[in-house]
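Let me begin by presenting the structure, written as structure tokens, before commenting on it.
Below, read A as the first sequence line, B as the second, and so on, with proteins coming before strands; counting in each chain starts at 1. Predicted model only: the values in this text are computed from it and were never measured.
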Amino acid sequence: MAIAEQPVEMAQRPAEMKSAKPGIDWRGRALDRAPFLVACLMLALIVAIYGSLQSGVFSLDELNLDTAAALTLMLAATGQTIVLVRGGIDLSIGGMISLGTVIAATRFTDDPSTVALWALAILALGFLIGALNGLLISLLKLQPFLVTLATWSILNGVAMIILPTDGGSVPGWWVSFGYAQLFGLTSPVWMLLALLLFWWWFRATRVGITIQATGSNEKSAFLSGVSITGVNVITYGLSGLFAAGAALFLTTQTGAGSPTIGKDYILPSVAAAVIGGVSLFGGRGHLAGTLIGAFVLTLIGNLVFVLHVSSYWQPVASGVILLLSVLASSVAEKAARGRVQ
Amino acid sequence: MDLVTVKGLSKRYGGIVALSEATFSARAGEVHALLGENGAGKSTFIQILSGAVRHDGGSILVDGQDYRPANPDAAQARGIAAVFQELSLIPDLSVEQNIWFRHEPRTLLRTVNRAEMRRKTLALLDKYNFPALRPDQELRRLTLAERQIVEIAKGLAKDPRILILDEATSALPAREAEWLLKLTRQLAAEGRLVIFISHRMAEVRAIADRLTIFRNGSTIAVHEANAVSDNEIVTQMIGRHLDRLYPERVATATDRIALSVKNFSSGSRLSGVDFALREGEVLGVGGLQGHGQRELFQALFGASKASGTIELWGKPVSIGNPRQALTGKDGIALVPEDRRGQGLLLTKSVRENLTLSVIKRFTENGLLSRQKEAALVKEMVDFLRIKAGTPEQLAGTLSGGNQQKVIFGKMLLTQARVLLLYDPTRGVDVGTKGEIFQLMRDLAARGYAILFHSSDMPELVHVADRVLVMRNGGVAATLEGDRISEAGILRAAMLESEAA
Ligand SMILES: Nc1ncnc2c1ncn2[C@@H]1O[C@H](COP(=O)(O)OP(=O)(O)OP(=O)(O)O)[C@@H](O)[C@H]1O
Ligand SMILES: [Mg+2]
């Protein structure tokens with residue numbers, strides 16, 4: 001072909017573009033992590049105050065206790081973090097947690113194989129209901145807020161039908177699961193570490209990156225070949241799965257089921273993530289921050305207790321902390337934007 | 001045999017016909033230019049080819065086989081990759097993560113193999129002599145030009161047989177644009193087909209083997225590049241004869257200073273800039289890209305922090321946040337570089353985009369006058385020939401050039417008389433370019449003062465009364481009269497930096 005025979009000049013590298021200076025942009029990185037650092041600072045401050053008011057705060061026992069108190073929230077908030085990074089929100093976890101505890105409290109028997117079967121069934125149900133959320137959001141093109149609000153209400157109703165009031169029971173050996181020790185650390189602490197390990201792995205997989213990318217810019221993700229429906233199904237499915245996990249863990253703490261307990265985790269799961277620097281607009285945030293946020297929210301409760309003030313101060317303090325975190329991240333965001341247009 | 005053959009391709013968006021019975025064919029080893037005015041259907045065509053959009057009717061053959069991609073993955077599987085006009089990049093991922101997005105090399109644990117990814121990135125950038133990029137930098141920290149380059153790398157990473165470049169040069173500085181043109185030829189010489197879309201005739205002339213012209217969604221003509229004149233092409237594109245691109249330069253500047261800037265600095269990229277812009281004047285800002293032009297416009301508009309003094313119509317103004325202080329007749333208005341990021345609300349209608357910032361003008365006794373608003377919007381849409389189905393069409397669904405026109409209209413409606421135009425003709429078709437230049441001269445004649453930057457040097461040479469040449473964040477020279485020429489600008493821009 002004539003065209004190919006023309007002499008072709010090889011493209012020469014153009015002169016360096018301006019911003020391509022070598023080295024690492026430390027200030028930019030620090031600004032990116034500012035909300036997370038602020039959360040760490042808050043936690044340190046709260047622990048310090050708590051430690052000065054109460055003896056024995058800096059001990060393994062205290063760590064075991066506090067982690068057990070925080071882990072249900074942490075599990076729920078892990079799912080919520082994945083959804084927030086996707087740029088969505090999942091209110092249905094409240095319904096899923098309630099439903100999970102009532103199924104466990106009415107179906108678990110002393111027989112370990114029955115328990116194992118029902119535990120798996122609860123986890124599977126969590127994933128399926130979440131996946132359904134994702135599917136509805138995509139197919140009906142509805143706001144995640146509305147869809148998950150509706151499923152929350154439905155799941156809540158079903159939980160009420162199964163067990164109208166708090167009650168039922170789980171076997172004693174199941175409860176003792178929540179306190180089992182290994183190398184001085186109880187199972188909740190090990191699960192916390194497992195969560196971090198999961199996140200470290202998940203965030204580096206293609207699925208994890210794709211979820212983040214879709215939250216960062218859905219149109220670009222689509223143009224790059226991402227199936228948005230697929231992403232929604234997996235994201236909300238995982239959220240449902242973690243909510244179911246939270247329900248199972250919760251039963252080791254309460255020993256019973258409750259058709260209303262789930263609502264206590266909906267907003268705190270979002271708050272924990274936001275305190276930890278997860279963006280509500282999607283694309284940015286890490287589980288480590290969320291877990292710190294969950295600790296902050298839990299320890300606020302302890303602090304209110306040792307201060308001997310009315311327990312109604314707990315939500316007030318949580319709200320103030322949430323505001324401070326949001327303020328910190330918006331200041332950091334503005335500073336970052338002032339540097340780069 | 002032709003690599004791609006398209007027949008009777010049609011696509012509608014509600015009542016808007018984007019493509020009607022378009023035809024196209026191209027062979028391996030050629031650079032095939034696709035030309036047409038704003039809204040002619042070029043981007044729609046390539047979105048269909050690359051699987052982002054599905055067509056309503058017609059047939060596409062690739063390698064003689066039926067081709068109907070369900071999504072961009074399916075297109076990639078057939079060796080087709082696109083560099084999208086609106087870019088397909090993820091702001092929160094790094095440069096290399098963007099380049100290999102969904103095709104990352106993996107470890108045994110199924111996680112991304114970072115070392116391998118870095119190696120592949122450097123190899124890719126090196127193979128095609130890419131301008132320097134930092135692979136680990138987050139995309140949202142990059143300039144528009146750098147993003148464009150990442151998008152090109154992302155397309156090439158797939159080693160496609162057919163590469164589509166949709167206005168890929170429009171956001172690039174001169175040297176990088178030249179690099180891309182050579183790269184395009186090189187890719188064709190390797191036996192690939194490159195479909196090249198651009199509104200810059202000189203570029204098309206430099207590299208295209210053949211060209212297809214679209215108008216109103218249909219194919220008007222196909223030419224061998226060396227057998228057709230510029231004039232014929234332009235006439236076929238816009239459906240009428242264009243007498244001249246650049247308006248006559250009539251001196252309309254008065255002695256009154258509209259905008260005076262002294263010792264103006266911002267960040268590390270802008271230091272000690274002094275100049276005065278007069279009423280009725282079009283003052284060009286040129287020089288090599290990246291020497292402070294962008295920062296100057298951003299800082300003047302108050303979008304970034306700065307120090308120094310600014311006087312507007314003789315009155316000193318606070319430079320902390322001029323954006324709020326400077327609206328209205330004595331104000332300042334900007335056409336920004338990044339229209340999707342800064343200029344437009346993509347999910348709002350054309351009407352809302354035009355009028356949101358000037359809503360007061362349609363308010364009588366606290367009530368909004370819809371009639372008044374509609375009249376002004378219609379006037380602006382007609383005046384700029386914005387191609388939209390209705391004023392209620394969402395800005396995000398307009399063709400690229402028409403989005404630029406909306407931004408221009410929005411700026412005009414603010415009634416500010418000091419205008420900062422940063423590359424106002426980027427992505428705008430030739431016909432409209434001529435109209436925009438004429439409009440700039442008309443506004444100047446009516447006492448507006450215009451600061452004008454263009455990445456296309458001939459535009460500065462033919463439209464500006466004076467040209468400030470920037471170098472290393474300062475003004476290196478001010479050219480006037482006969483000294484305004486491409487050679488003159490380049491000389492002033494480079495002489496000292498080469499000596500240094
Ligand atoms: N999603 C959409 N919804 C409605 N109309 C659309 C949509 N996408 C494109 N259009 C319309 O289709 C027509 C063709 O647009 P297209 O983007 O293909 O033009 P183009 O030739 O690429 O123009 P430009 O040179 O300005 O980029 C335009 O009138 C545009 O408004
Ligand atoms: Mg286009």
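With hydrogens and angles ignored, the 3.5 Å screen pairs no side-chain donor or acceptor of B:His32 with any backbone N or O of B:Ala26. Side-chain atoms of B:Arg192 come within 3.5 Å of backbone atoms of B:Pro160 as a donor-acceptor pair (strictly under, hydrogens ignored).
If you measure heavy-atom distances from B:Leu144 to chain A, you find no contacts under 4.5 Å at all. For chain A, the nearby part of B:Arg106 is the side chain; its heavy atoms alone come within less than 4.5 Å. For a residue to count as touching a neighbouring chain, one of its non-hydrogen atoms must lie under 4.5 Å from one of that chain's; by this rule A:Val226 touches chain B with backbone and side chain alike. Of the atoms belonging to B:Leu89, it is backbone heavy atoms, and not side-chain ones, that fall under 4.5 Å from chain A. Contact of B:Glu138 with chain A is made through the side chain alone, with heavy-atom distances under 4.5 Å.
Comment: B:Arg114 does not engage B:Asp136 in a salt bridge, judged by the lack of any side-chain N to carboxylate O separation of less than 4.0 angstrom. The pair A:Arg86-A:Glu218 counts as a salt bridge, with a side-chain nitrogen and a carboxylate oxygen less than 4.0 angstrom apart.
Ring orientation note: the planes of A:Phe202 and A:Phe198 are close to parallel, at an angle under 30° on the 30°/60° scale.
With chain A as partner, the option from B:Leu181, B:Val53, B:Leu109, B:Asn71 having the largest number of non-hydrogen pairs under 4.5 angstrom is B:Leu109. Per-residue heavy-atom pair counts under 4.5 Å with chain A were compared for B:Gln97, B:Arg102, B:His103, and the maximum is reached by B:Arg102.
If you check the side chains of B:Asp166 and B:Ser43, you find a donor sitting under 3.5 Å from an acceptor.
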Show the numbers, then the answer: is there a side-chain hydrogen bond (donor to acceptor under 3.5 Å, both in side chains) between A:Thr290 and A:Thr81? CA-CA 7 Å; A:Thr290 303; A:Thr81 300; 2.9 Å; yes
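Legend: residues meeting salt bridge (charged side-chain N to carboxylate O under 4.0 Å, His left out) with B:Glu151, ordered by chain and number and at least two apart, are absent.
Within residues 237-244 of chain A, no residue approaches chain B closer than 4.5 Å by heavy atoms.
Taking the ring centroids of B:Phe130 and B:Trp179, they lie under the 6.0 Å cut-off.
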